[in-house]
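The model shown is predicted, which means the values in this text are computed figures rather than measured ones. Ligands are counted one by one from 1 in listed order, and the atoms in each one are counted from 1 as well.
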Amino acid sequence: MRTSRRVRTLPEYPLAGAKETRRRLEAQGVDVIDLGAGDAGLAPPPRAVERLREVAGDTSFSRYAFQLGSPAFREAVARFMERRFGVTVDPYLEVLPLIGSKDGIAHLPFAFLDEGEVAIVPDPGYQAYVGGVVLAGGEPHAVPLRPEHDFLIPLGDVPETVAARTRLLYLNYPNNPTTAVAPDGYYREAIRFCAERGALLVHDHAYSEIAFDGYRPPSVLELDGARDVTIEFHSMSKTYNMTGWRLGWAVARPEIISALTRVKSFVDTGQYLGIQEAGVAALESWEEWVPANVAEFARRRDVAVEALCGAGFDAVRPKATMYLWIPVPRGGASATFARRALEEAGVIVLPGSALGQGGEGFFRVALTETPERLGQAADRLGRLL
Ligand SMILES: Cc1ncc(COP(=O)(O)O)c(C=O)c1O
């Protein structure tokens with residue numbers, strides 16, 4: 001059966017086969033250290049687990065959530081946005097619960113892109129940006145994230161012929177995979193870029209809470225003029241180790257939220273209300289729980305950076321995220337290095353090229369294993385040099 005041109009245009013999804021590869025190697029007796037996907041294997045907040053247990057048998061939570069979802073979740077999100085960023089939002093008009101932030105990120109182009117219109121996407125970048133744009137019939141314009149630009153998209157370099165057709169600008173800071181963070185001045189420039197062109201600034205804030213050494217990533221919505229042109233996506237996945245629970249939210253002014261709501265009302269019926277209820281408990285446990293979880297990632301970061309540098313890699317300590325973004329030694333191809341890492345060292349890393357050609361020359365380590373295992377992985381990888 002012939003598939004659609006849009007589906008044929010999609011790139012290969014990174015790590016799509018990683019779970020199978022790992023199973024195969026483990027069946028052969030290999031002790032695999034998996035630093036591929038950003039999925040830490042740590043426990044979610046106990047209060048969230050407990051709340052899910054409490055409501056699992058309550059029939060009222062078993063019904064369709066629809067796009068309204070749980071009013072309690074919407075209100076908890078609004079309280080979090082206020083407490084954490086000083087951003088006041090109407091929980092019913094300016095918040096939308098999502099089945100993981102990927103749901104909103106990938107469906108957004110259906111609401112705002114017409115055929116032939118452009119979305120600027122970071123390269124390397126989270127592949128749901130490109131995927132959503134291609135599936136909606138839009139045109140992704142990939143901009144390489146380079147160290148010489150601090151891994152920011154140099155907006156002044158976007159050709160005017162592209163900028164004039166741009167409807168969406170995807171930004172993600174703290175950034176996966178480069179771990180870069182963005183200064184407020186850069187966000188101001190992005191807001192201006194979008195305002196001048198009637199484009200929407202799409203800020204993917206999946207790593208807003210995983211930041212170290214006193215750094216607290218801001219919300220773009222804190223900045224003047226942002227409300228007019230910005231939608232921001234937040235995720236419970238990394239902050240609360242709830243990747244599989246599939247819960248996140250979007251925040252934007254009412255017209256933007258209602259367009260995304262309209263799209264989603266034709267493709268899903270909302271996340272299970274019990275999970276949204278557990279999400280309330282997670283959000284409310286921020287103070288007592290998140291700092292210790294972030295400290296665990298900081299510990300892993302420090303051990304991994306030191307061990308990898310000791311093993312001969314040029315690893316830098318990131319200010320945020322759960323990743324390290326490391327140049328492939330001696331400038332080899334990232335896919336070749338990742339294949340050798342797996343086959344000769346039993347370590348899964350993500351080749352930079354899996355997240356776009358702009359990622360070539362780097363590989364990504366996810367801080368998903370214990371400090372001890374990260375140290376072992378560094379030793380094994382060092383033997384490849
Ligand atoms: C940059 C970025 N955005 C969004 C997501 C998706 O998160 P969620 O689990 O909320 O869909 C991820 C997950 O890896 C990510 O790395």
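Distance alone, capped at 3.5 Å, places no donor-acceptor pair between the Glu360 side chain and the Ser353 backbone.
Counted within 6.0 Å of CZ on Arg8, heavy atoms from surrounding residues, nucleotides or ligands total more than 12; the atom is thus considered enclosed. Counting heavy-atom neighbours within 6.0 Å of Arg83 CZ, excluding the residue itself, gives a total above 12.
Judged by distance alone, the side chains of Thr88 and Glu82 do bring a donor and an acceptor atom under 3.5 Å apart.
Protein residues are said to neighbour a ligand when one of their heavy atoms lies under 4.0 Å from it; for ligand 1 these are Gly100, Ser101, Lys102, Ile105, Tyr126, Tyr129, Asn172, Asn176, Asp204, Ala206, Tyr207, Ser235, Ser237, Lys238, Arg246.
Screening His234, Glu232, His203, His205 for a side chain to side chain donor-acceptor pair (under 3.5 Å) with Ser219, the sole residue that qualifies is Glu232.
For Phe313 and Phe363, the gap between ring centers is short of 6.0 Å.
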